[in-house]
Structure formats: structure tokens, C-alpha cells
Amino acid sequence: MSAQIISGTEIAARIREELTAKVTGLKRDHGLTPGLATVLVGDDPASHMYVGMKNKAAAKMGIHSRQITLAADTSQDELLGVVAGLNADPDIHGILVQFPLPDHLDEARVTEATSPDKDVDGLGPMNAGRLMTGSGEFFAPCTPAAVIEMLVRSGHDPAGRHVVVLGRSNLVGQPLANLLLRKAPGGNATVTVCHSRTPDLAAVARTAEILVVAIGRPEMITAAMVAPGAVVIDVGTHRVDDPASEKGYRVCGDVRFDEVKEVAAAISPSPGGVGPMTITMLLSNTVASAARSAGS
Ligand SMILES: NC(=O)c1ccc[n+]([C@@H]2O[C@H](COP(=O)([O-])OP(=O)(O)OC[C@H]3O[C@@H](n4cnc5c(N)ncnc54)[C@H](OP(=O)(O)O)[C@@H]3O)[C@@H](O)[C@H]2O)c1
């Protein structure tokens, strides 16, 4: 059996078309252009690449994007001052401070300082709290939201299914578990969360009807850890040495794609899976924030 491939690239392209139509509508009906501010501190090449990809994707769908690049030795107060300025700027509907920040800066203070109405990364305490309590509107964190969209849009609604999430980080595993548990579309799953202290991870993973892997270990998940017919979403993304490739490296996920696709009913690749969808969810939250500000 060879699995259905859940292509994040293809699903993202469809959602971006829908978002482009919404952006056009906001401009036409409200004279409002959604604005996304990205803040980059220091010169980490991967962070520069991620911010560049986000700005490019935003511009392509008519979202105004503003990149603020700060020196690596920017102080905490200077950074908080930039965030405060963006909180007050009516042309900006979404703020993304690219992490990781240099060691002397406190990431939690930055997420706490970002206005909940513009926290399109969904990582601040207000949005995280609303997600957990089910009270009020919130921005879902982008990577967990990407996983839910991929499942629903590929015909694998998690409602009523047993989902095993491998990983409990604040960025991915934990908010994903909360989204899956919600009494709302994309939720209503039965959820098990595993982490580095889980005894016999393989045995738990094999109980999953839907297995979401976010452990940050290149190709750790083998076919023997996946139940025949399960749906597998691979959040992991790694650059590993590969002397056989022209570039000297290749990109892979947490899952051994080639062997697991022979067991699973459906699987997302990495690259080409959760990555492009995560950027799309950031843009979706930005458009939603602009629509809210227009009362639309
Ligand atoms: N494509 C995207 O847009 C995107 C976005 C975010 C992250 N990612 C990728 O997703 C992966 C996870 O990211 P993250 O930020 O959640 O990573 P993280 O903060 O390092 O968390 C990893 C989680 O996996 C658990 N874990 C680690 N090794 C394990 C093992 N051997 N057995 C069982 N559990 C284990 C850890 O357990 P403990 O809590 O016990 O330490 C932790 O909960 C990474 O590869 C990252 O690059 C991709």
C-alpha cells in the first residue's frame, strides 16, 4: 500500500487564493490593506530566510508587509519599544517577532508585550489562555493550526478519532493538543500527548489513528511505530548532512517518509508539508485581524 500524500504546498496554495480574495474584499469594501510587521533581531541566516519567505508570501497576496531589522545587541527595552510602537500603529494588524532571539533577550516578555489583537503568532498568554478556556476569539498558533487545516482539508477530520501527538512544546505539541480537544470544528478528538519521559513511545504511537510528530529528532519515527492505515503528519524539519547530494545536505522530517508511507493511509512530507502551511496560517491570522479591525 502506498499512502495518500497530504501536500502542504498544495493546500497552502488553495488557502492563499482564498485569502487573496478576502484581501481584495477588505480593500474594496473598507479601504483597508492588512498589514504585517516582522521584527528580526540579529543576523541568524535561518531567521532571515524565514522572515523573507513570510514577507514575500504576504506581498504576493496584497498584504502590506513591513520588516524591521534590529542589531544583535539591541536591548530588551529597545525591542519592547519597537513592539509598543507597532501595537499603536493603525496600519499594522499583525506583529511577528522572529524567534529565537539573541540570548540576552527574553522571548516571553516580548510575546507578553505584543497586543493580543495583533499577536498573529498566537503565542501570547491571552491568546493561549483563550484557546485553553474556550472563551472569546483567539489567534491559533500557526503550526498547530496548520496541522488541523491539513487534516480537515485532506479528508481526515480529527473529530472522534484517537490522535497521538508526539511532543509537548509550547510552540507545537501542547497548543495542538488543546486545539484537537476543543468542542469546535477541527477538534473533538481523543488526544494522547507523548514526550521524552513517555515509556515505550512506539507502543503508544501504534495506538494512533492520527499520529502527529513534533519531537525534533530527524527521521526517528519508523514504520514499526505506525499502525497500518494511520494518518501521519510530520511537523519536524531538519537539515542533515548528505555527502551524496550536490548541496552536501538534505532536508527531512521527524518521520522516515519512505518507509512509513508504505504503512500509513496518508502522510505529509517534509519538506512540502507543515512548513508552507505554517506561513499560510500566519497570513490567515493577519487577514482575520484586519477584518476584525474593520468590523467585518
Ligand atoms: N514546519 C514548521 O513550520 C515548524 C514549526 C515549528 C517547529 N517545527 C519543527 O518541529 C519539530 C518540533 O519542534 P518544537 O519546537 O516543538 O521542538 P522542541 O521544543 O524541541 O520540543 C520537542 C518535544 O519533543 C519531545 N521529545 C524530544 N525527544 C523525544 C524522544 N526521543 N521521545 C519522545 N519525545 C521526545 C520533547 O519532550 P520533553 O518536553 O520531555 O523535552 C518535547 O516535548 C522540530 O523539528 C522543529 O524544527 C517545524
Side-chain angles (χ1 to χ4, degrees), residues 6-12 15-16 38 44-47 49-58 96-101 107-108 111 120-123 128 139-151 163-180 191-208 211-222 224-226 232-240 249-257 260 267-285:
I6 302 175
S7 165
T9 308
E10 283 174 26
I11 298 171
I15 297 175
R16 287 181 197 192
T38 52
D44 174 56
S47 292
M49 187 185 77
Y50 290 137
V51 166
M53 285 161 70
K54 287 164 187 172
N55 287 330
K56 199 170 151 197
L96 173 102
V97 180
Q98 184 68 41
F99 291 166
L101 291 173
E107 293 179 351
T111 40
V120 286
D121 230 1
L123 297 174
F139 294 118
C142 300
T143 301
V147 172
I148 303 275
E149 280 288 332
M150 288 168 75
L151 286 170
V163 184
V164 175
V165 178
L166 304 186
R168 60 173 167 184
S169 71
N170 287 340
L171 183 64
V172 188
Q174 202 221 77
L176 175 60
N178 284 319
L179 279 175
L180 287 163
V191 184
T192 302
V193 182
C194 299
H195 45 78
S196 66
R197 306 289 180 90
T198 302
D200 204 349
L201 189 81
V204 184
R206 275 195 302 271
T207 66
L211 180 66
V212 184
V213 189
I215 51 176
R217 306 272 176 226
E219 296 181 326
M220 190 181 124
I221 303 306
T222 63
M225 299 167 87
V226 176
V232 179
I233 302 288
D234 187 356
V235 180
T237 173
H238 309 275
R239 189 185 269 208
V240 293
Y249 69 86
R250 67 189 170 86
V251 177
C252 69
D254 288 346
V255 175
R256 281 194 210 165
F257 180 81
V260 173
I267 183 169
S268 73
S270 178
V274 175
M277 280 296 292
T278 293
I279 296 177
T280 304
M281 293 298 102
L282 175 78
L283 302 175
S284 173
N285 282 347

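Here, residue 1 is the first one in the sequence, and each next residue gets the next number. In each ligand, atom 1 is the first atom listed, and ligand 1 is the first ligand listed. Treat the numbers as computed from the prediction; the structure is a model and nothing was measured.
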Inset, instruction - For Phe257, look at atom CZ and say whether over 12 heavy atoms of other residues, nucleotides or ligands are found less than 6.0 Å away. - result: yes
Inset, instruction - Could you tell me whether atom 20 (O) of ligand 1 has at least one protein heavy atom nearer than 4.0 Å? - result: no
Legend entry - Those atoms of ligand 1 less than 4.0 Å from some heavy atom in His238: 45 (O)
Inset, instruction - List the closest protein heavy-atom neighbour of atom 42 (C) of ligand 1: residue, atom name, distance to the nearest 0.1 Å. - result: Arg168 N, 4.0 Å
Inset, instruction - Would you please name every residue forming a side chain to side chain donor-acceptor pair (under 3.5 Å) with Arg16, sequence neighbours left out? - result: Thr280
Inset, instruction - Mark yes or no for whether Ser270, through its side chain, and Gly236, through its backbone, hold a donor-acceptor pair below 3.5 Å. - result: yes
Legend entry - Mode of Thr237 contact toward ligand 1 - side chain, backbone, both, neither (heavy atoms, under 4.0 Å): both
Inset, instruction - Flag the pair Ile15 / Met281 as yes when at least one side-chain heavy-atom distance between them is below 4.5 Å, and no otherwise. - result: yes
Legend entry - Any side-chain heavy-atom pair of Leu283 and Lys54 under 4.5 Å: no
Inset, instruction - Report the nearest protein non-hydrogen atom to atom 24 (O) of ligand 1: residue, atom name, distance rounded to 0.1 Å. - result: Ile215 CA, 3.3 Å
Inset, instruction - Find out whether Asp121 and Phe99 are in side-chain contact, i.e. whether some heavy atom of one side chain is under 4.5 Å from a heavy atom of the other. - result: no
Inset, instruction - Assess Thr143 for proximity to ligand 1: is some non-hydrogen atom of it under 4.0 Å away? - result: yes
Inset, instruction - For Asp234, enumerate each residue passing the side chain to side chain donor-acceptor pair (under 3.5 Å) test, keeping only those at least two apart in sequence or located in another chain. - result: none
Inset, instruction - For Met220 and ligand 1, answer yes if some heavy atom of the residue is under 4.0 Å from a ligand atom, otherwise no. - result: yes
Inset, instruction - For atom 29 (C) of ligand 1, find the nearest protein heavy atom and state the residue, atom name and distance (0.1 Å precision). - result: Arg217 NE, 4.0 Å
Inset, instruction - Check whether any heavy atom of Leu171 sits under 4.0 Å from an atom of ligand 1. - result: yes
Legend entry - Minimum-distance protein heavy atom relative to atom 8 (N) of ligand 1: Val235 O, 3.7 Å
Inset, instruction - Looking only at protein heavy atoms, identify the closest one to atom 14 (P) of ligand 1 and say how far it is in Å. - result: Ser169 OG, 3.6 Å
Inset, instruction - Looking only at protein heavy atoms, identify the closest one to atom 7 (C) of ligand 1 and say how far it is in Å. - result: Val172 CG2, 3.9 Å
Inset, instruction - Look at atom 3 (O) of ligand 1 and say which protein heavy atom is nearest, naming residue and atom and giving the distance to 0.1 Å. - result: Thr278 OG1, 3.0 Å
Legend entry - Protein heavy atom at shortest distance from atom 11 (C) of ligand 1: Gly216 N, 3.7 Å
Inset, instruction - Please identify which atoms of ligand 1 are closer than 4.0 Å to at least one heavy atom of Gly167. - result: 23 (C), 24 (O), 43 (O)
Legend entry - Ligand-side contact atoms (ligand 1) for residue partner Gly275, heavy atom cut-off under 4.0 Å: 1 (N), 3 (O)
Legend entry - Donor-acceptor under 3.5 Å (Thr198 side chain, Leu201 main chain): no
Legend entry - Sub-4.0 Å heavy-atom contact, Gly173 with ligand 1: no
Inset, instruction - Report yes or no: does Arg217 contribute a side-chain atom to a donor-acceptor pair with the main-chain N or O of Asp254 at less than 3.5 Å? - result: no
Inset, instruction - For Gly236, take its heavy atoms, then give the atoms of ligand 1 lying under 4.0 Å from any of them. - result: 9 (C), 10 (O), 11 (C), 45 (O)
Inset, instruction - List the atom of Glu107, the atom of Pro100, and the distance in Å for their closest heavy-atom pair. - result: OE2-CA, 3.1 Å
Inset, instruction - Give a yes or no on whether the backbone of Val240 and the side-chain of Arg250 come within a donor-acceptor separation of less than 3.5 Å. - result: no
Inset, instruction - Check whether any side-chain heavy atom of Ile6 lies under 4.5 Å from a side-chain heavy atom of Ile11, and answer yes or no. - result: yes
Inset, instruction - Only heavy atoms count here, so choose which of Gly253, Ser196, Cys142 is nearest to atom 41 (O) of ligand 1. - result: Ser196
